[in-house]
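I have placed the structure first, in the form of structure tokens, so that the comments after it can refer back to it.
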Amino acid sequence: MISEDFMTLVSGTGMATQKELKIIDVTHKKHPFAEFFLTALENFDENRFMHLMAEAHDYTLMKLNVSEIPIERLSMFQKRLVERYRVIPVNEVENKIILTSFDPLAKNQLKDISDLLDKTCEIVLCNISTWESLFNKVKISVKELVDTLEEVNTDEVEESEKQILDNITGDVVSLVNHILGDAYYRGASDIHIEPYEKKFRVRFRIDGTLFEISTPPKSLALAIISRFKIMSKLDISEKRLPQDGRMKLVMGGSPIDYRVSSIPTLFGEKVVLRLLDSTNLELDMTKLGFTAPQLKVFKDGIKKPFGMALVTGPTGSGKTTTLYSSLMELNIEGTNISTAEDPCEFNLEGINQVNVRKDIGLDFARALKSFLRQDPDIIMVGEIRDTEVGEMAVEAALTGHFVFSTLHTNDAPSTITRLLNLGIEPFLVTSSLSIVTAQRLCKRICEKCKEEVKDADKEFVSLGMHPTSAKKVKAYIGKGCHHCNETGYKGRVAIHEVLEMSRAIKELVLDGASSDEIKEMAIYEGMRTLRMSALIKVAQGVTTLEQAVLNSSAD
């Protein structure tokens, strides 16, 4: 909401009328800073406005480079306090904190801010658009996240569950909420709740690695697990059998789905929650980690009128993201797309998604049969697990549909061998299969503690790189810092192996060639293997040699 005093300042410059200011204030009343929308006005010149304000109110006007200000500095002030005081910390010089604001009236609260931070503070001005960029980088604290947590109930809670819920203390509810908030804050992909004989622990998987986060009292184990089970609509009384469920929360204004699994262990039920945050779903194919030549081959392969594209790799290698990105690339008004998934991880607008439910007989095969009666153009089957689904997918690909699916194989050429082992005839494989992509996820080097590795050329040579090229390439590692939990890594990047079903490869398959022979021909025709793709990422300074070796087999 724009204050009357700030309205007076703006209207006094002649860059916006009182009517325009009122419209902005009313239209964007739910936004913490309606002033951000001033920059869209035709006559508003934010550079001139800030110069006038700095001169009139005795401020220093500072030009800030947003990308150079550490996120830790921006987040030293809780987001709710940033909204309240309209200032953001950007530097600290000789025990004085430098704050920036776009609002000249912020200095009226300078004493309160100094008392709050227990340090001398100085406020400088910056442009509104710069301050908006800074504000968007300020992280919400775990406590603030927990305060915003809302449970989205799709069903009424049964009376028996309600009685159990009433018996769970407020401390347990707060602890569970803190676990959920902390996991979201740290960017965890999974939460593990694990009971042992003498210990009860909580672990988060962050960038592919499990970290022990806390060890709540063992006496609270049953209550905490019960709380998670009730939130995810699991049977609270069933402790002998595995169960699967889902729950939905709103945290920090973002909707988050959780896929929940419980399994009985020796000392109680273990619960694992997978966080499915749609705001982090990357559906831009240019940002999936493909090299430019790989992306061209893959896009050409999936844009055929009929055929089959398979994405392979271990669990958690990003196959679903690649498939979703492919579907959204092809999702146009004149196309009918249907998917069978176990389970549906994200809701895709304009795509008909079906959750597989084995308990009622709705498996991949039955869903696929139904799809073929629904006039589809494109079909996605979550996974080819057996001969029946494999044969149906091939049949669909040969009858004018394009089929996407996944397999668990080590590399792209092995996918062809796997299909043959399922009992699918070689001539059907060569007629239906268009493109195969194998992928892995490598950990990204932390940019905050990145440093060059000396004498890395010998390691490059040992991994198959030509000695001349190896001497020109630099390798990096992360030393470990607070930003990356002392691991040296922050985030992950995909590496790919894209195999096009060329005429020569089809002939090899029909002649009964091994996967090694198929791989040799693919490399000869220009395919970059997982190892090659990983080494490119190393040469680009994105990942380490260790990760390249760990996530790719020798070629």
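The structure displayed is predicted, hence computed values, not measured ones.
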| message | On a heavy-atom basis, which atom in G334 and which in D377 lie closest, and how many Å separate them? | response | O-OD2, 3.9 Å
| said: Looking at every heavy atom in both A393 and V403, which two are closest together, and how far apart are they? | reply: O-CG2, 3.7 Å
| note | To the nearest 0.5 Å, atom OG1 of T406 lies from atom CD1 of I384 at 7.5 Å
| Is the F290 ring parallel, tilted or perpendicular to the F298 ring (thresholds 30°, 60°)? | parallel
| Which distance, rounded to the nearest 0.5 Å, do you find between the CG of L530 and the CD of E497? | 4.5 Å
| query | CD1/I88 to CG/L99 distance, rounded to the nearest 0.5 angstrom? | reply | 9.5 Å
| note | d(I477 CD1, T543 OG1) to nearest 0.5 Å is 12.0 Å
| Polar side-chain atom of D511 near backbone of A513 as donor-acceptor pair, under 3.5 Å | no
| message | Closer than 3.5 angstrom, by distance alone: can the side chain of R531 be matched with the main-chain N or O of S552 as a donor-acceptor pair? | response | yes
| side-chain hydrogen bond (donor to acceptor under 3.5 Å, both in side chains) between T291 and Q294: does it pass, once the steps are laid out? | CA-CA 5 Å; T291 62; Q294 286 177 330; 3.2 Å; yes
| Could you state the interatomic distance from CD1 (I69) to CG (L134), rounded to the nearest 0.5 Å? | 5.0 Å
| request: Can you label the angle between the F135 ring and the W131 ring as parallel, tilted or perpendicular, going by 30° and 60°? | output: parallel
| Check against side-chain hydrogen bond (donor to acceptor under 3.5 Å, both in side chains), K443 and T209 | CA-CA 10 Å; K443 296 180 182 180; T209 303; 2.3 Å; yes
| note | Taken to the nearest 0.5 Å, the spacing of C126 SG from E132 CD works out to 11.0 Å
| Stepwise side chain to side chain contact (heavy atoms under 4.5 Å, CB included) check, T339 with L348 | CA-CA 10 Å; T339 73; L348 302 177; 5.8 Å; no
| task | Apply the test side-chain hydrogen bond (donor to acceptor under 3.5 Å, both in side chains) to residues D284 and T286: give CA-CA distance (whole Å), side-chain angles for both, the deciding distance (0.1 Å), then the verdict. | result | CA-CA 5 Å; D284 183 349; T286 62; 2.7 Å; yes
